[in-house]
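What follows is a single structure, written as structure tokens, with notes after it.
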Protein chains: 2
Amino acid sequence: MEKERETLQAWKQRVAQELDRVLAFWREHSHDQEHGGFFTCLGRDGRVYDDLKYVWLQGRQVWMYCHLYRKFERFHHSELLDAAKAGGEFLLRYARVAPPGKKCAFVLTRDGRPVKVQRTIFSECFYTMAMNELWRVTGEVRYQSEAVEMMDQIVRWVREDPSELGRPQLAGAPAVEPMAVPMMLLNLVEQLGEADAELASRYSELGDWCALRILQHVQRDGQAVLENVSEDGKELSGCLGRHQNPGHALEAGWFLLRHSIRKGDPKLRAHIIDKFLLLPFRSGWDPEHGGLFYFQDADDLCPTQFRDPEYGEWFGYLNREGKVALTIKGGPFKGCFHVPRCLAMCEEMLGALLNRPAPAPGSGARSPPTVPAR
Amino acid sequence: MEKERETLQAWKQRVAQELDRVLAFWREHSHDQEHGGFFTCLGRDGRVYDDLKYVWLQGRQVWMYCHLYRKFERFHHSELLDAAKAGGEFLLRYARVAPPGKKCAFVLTRDGRPVKVQRTIFSECFYTMAMNELWRVTGEVRYQSEAVEMMDQIVRWVREDPSELGRPQLAGAPAVEPMAVPMMLLNLVEQLGEADAELASRYSELGDWCALRILQHVQRDGQAVLENVSEDGKELSGCLGRHQNPGHALEAGWFLLRHSIRKGDPKLRAHIIDKFLLLPFRSGWDPEHGGLFYFQDADDLCPTQFRDPEYGEWFGYLNREGKVALTIKGGPFKGCFHVPRCLAMCEEMLGALLNRPAPAPGSGARSPPTVPAR
């Protein structure tokens, strides 16, 4: 027991140190003091190699800063909060392409003019996450109104009428259900429902709907999680249908696991552990070089991440042999989000493990699941 | 002299053999006997891993087959022509998204229903190339009418009004001039003008316009060819502005070189050799592992190509160390085009070198440029 505690303690310390170093990188290099918001296209040493502002990453960084401010004593300082608020104001002012319409841009110029619009819901989802966390740390109701209004719009796009998203109707385009959509929405259901009985109840049916949709992606007699399935939950033909992303399956498994715990459904929980956690780890692992494949089809990139001891933060893109393929620390899809989110969760889970009461003899493996604090 | 002849002869033989093997691969694996057109998503051994039909590659393969049929005695057989015609009919019937409108899809289902539409001109350009070559080998006027009508529509989109292409007008989107557009059009000017005085004259001003536009991509005091510049020929900020594609610069150099030879402009010709051939070879070459970088920024992929002795054709995607990164022989962007087009041109140039009269003593380096036969 004491040995286990020591191991956990050592890991907690190591994870905390990594998280500090990752945050230090973003705090030092990413803040745009002039326009608010964050530079996210950063080279290995933090140099800004493009000043475009990707809306996903703006929303994620606001969320990350608020979340750390709210959950970790050592991040509870005004510098982080001020940067998050400046990012939030930047989003409020510029993210929407044609206000009062809710559609958000995918990427903005440094001073907030729209450059590209994606015909999906994800900019709007990260906008919602950012606004909800801003409300949680500031108590300002306008942030929460923004979050809830955007959430309701997203749900209408997904479940009622997607025409505002602007995707053309083409005769040969398959009616595809990407796993990312219910997965993202389930994440938002949890985000908005945290310690908020009214919203938790309001989005409860949506959460169940998301879970069912995600579970449809378990295909081939339970032997594969596929990224895209047909509207009636069947495998699609071609590359689109065979596409796998083991890291995505694991992330979906994480959201589903927490959903099953909220629902108190141990059978669902066991299914999720089997299909969304163990299966992708087995089938997505590179037997030759180790690491998870980023995409399962025919791609050599591998998503395991190594810290860069010289300049801080981690590299995001390795080749299959594990060598750094891209030296960038941030780009259109990697920002102040996945690495610190993961480190923060690890630190909290290790803390929770260290703080739990010693189990009664013989009952250890069957103790009720603890929900790790977010 | 005799030694040089022997070397050229050996190379010609080797290139011819490669071309035969590459064509054998496509003839064996890519023909869709049921619907016409070509499968292009082929694995290493020729297995169809997706039956989607990318319109660029349909047009390119029709062009390639017709071109080989027309220019090479050993490819002048009905099997190749029939496959090209079946591809041409597939394009005529299905490529356009909403006939009689000219906009073509980017990708179709196997039976011709549109899956995706790109907001660019390239599907239409490869459609034009295919139709013009089909006319050249069959003499059927309907193919040439299709080619010329589509060409005129493309020119209107590029020079007068792009609104039909469907790109949204966004305040922050830079007014960018991608080199691909004038480069592609210059290629079409040459294609349509070959041995056709009327069309050569009709598109002569367009050819000059294209050449001027391409030349604007020489930036940084003549030290770099940039893929994207501003509308007034200046470097754009950020990644978009710094993006380089050495292989593209070389291909543009090839089209420009032939343009300068047609114009009889030796000064232009020297400039092009310097900026579009020597410069990209110097700056785009990987000093560590050899090979040209596919993209110049921060990408490890390298575009040199190796033949696959086991199954024929060449691999298209290597990592920086020169190892095969993707084993596919065809995909959304690699089909029966770049490798055989290059091999065919090499074989013809080697033939032309072998057939040229011996130069008068002392005049070799200054002999007038010969235009390699297409």
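Not measured: the values here are computed from a predicted model.
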Can you name the residues that form a ring-ring contact (aromatic ring centres under 6.0 Å, His included) with A:H31, not counting sequence neighbours?
A:F38, A:Y65
Non-hydrogen atoms of chain A under 4.5 Å away: do they reach the side chain of B:V97, the backbone, both or neither?
side chain
Can you give me every donor-acceptor pair (side chain of residues 161-168 of chain B, partner residue at least two apart or in another chain, under 3.5 Å) with its distance?
unit_1, atom_1, unit_2, atom_2, d
B:D161, OD1, B:S163, N, 2.9
B:D161, OD1, B:S163, OG, 2.8
B:D161, OD2, B:S163, OG, 3.1
B:E164, OE1, B:W157, NE1, 2.8
B:R167, NH1, B:R119, O, 2.5

Kindly say whether A:D50 contributes a backbone atom to a donor-acceptor pair with the side chain of B:R242 at under 3.5 angstrom?
no
Checking heavy-atom separations under 4.5 Å from chain B, one finds in residues 169-178 of chain A A:L170, A:A171, A:G172, A:A173, A:P174
Heavy-atom pairs under 4.5 Å with chain A are the metric here; pick the option from B:G238, B:A98, B:P114 that has the most.
B:P114
Nearest 0.5 angstrom please: B:S237 OG to A:L52 CG, how far?
7.0 Å
Residue list, ring-ring contact (aromatic ring centres under 6.0 Å, His included) with B:Y127, at least two apart or on another chain
none
